[in-house]
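We use all heavy atoms of the structure for the numbers below, so side chains are in, but hydrogens, waters and symmetry mates are not.
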Amino acid sequence: MADGGDPGPGLVRVERRRVRVWFGDHLVADYRAEAELAERYAAAMSRRFAGLRVTTDPVPDHDPGPERALPGERLWEVAPK
């Protein structure tokens, strides 16, 4: 699957997204996760930090970036209820 194509028989390709929160040109948060969780995170950050720009981009299969889990505890009341 290194070429980004079919993952092979019996395997399912999981789309990953990169969510970044920007204060002007300054990156203040960088998060990568499965598409659904990343979209929830982006929506929560957009609500919490309405004045900041939030971007989401697909993560290439060959991207070695870290996979960060969301914290187990709520830091702010931003998660959908």
Side-chain angles (χ1 to χ4, degrees):
M1 188 170 75
D3 63 358
D6 184 25
L11 299 176
V12 176
R13 183 166 188 250
V14 175
E15 182 186 5
R16 294 175 57 228
R17 309 273 310 163
R18 181 178 188 183
V19 179
R20 290 180 279 187
V21 180
W22 302 88
F23 181 73
D25 291 336
H26 302 281
L27 181 64
V28 295
D30 188 347
Y31 176 71
R32 296 169 193 184
E34 181 182 323
E36 183 180 336
L37 186 55
E39 291 301 325
R40 285 179 43 210
Y41 178 79
M45 291 298 100
S46 292
R47 285 191 307 273
R48 178 67 172 104
F49 303 105
L52 302 184
R53 181 170 49 111
V54 178
T55 61
T56 60
D57 302 295
V59 174
D61 292 334
H62 62 277
D63 187 320
E67 189 78 21
R68 294 186 195 144
L70 289 176
E73 61 197 59
R74 283 193 182 175
L75 301 178
W76 302 284
E77 291 296 323
V78 296
K81 295 183 182 195

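Considering every non-hydrogen atom in both R17 and V59, the closest pair reads C-CG2, 3.4 Å. Of all heavy-atom pairs between Y31 and A38, the closest is CE2-CA, 4.2 Å.
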Could you pull out all donor-acceptor pairs under 3.5 Å where a side-chain atom in residues 19-27 meets a protein atom, sequence neighbours excluded?
residue	atom	partner	partner atom	Å
R20	NH2	D57	OD2	3.0
W22	NE1	T55	OG1	3.1

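With sequence neighbours excluded, no residue forms a salt bridge (charged side-chain N to carboxylate O under 4.0 Å, His left out) with E36.
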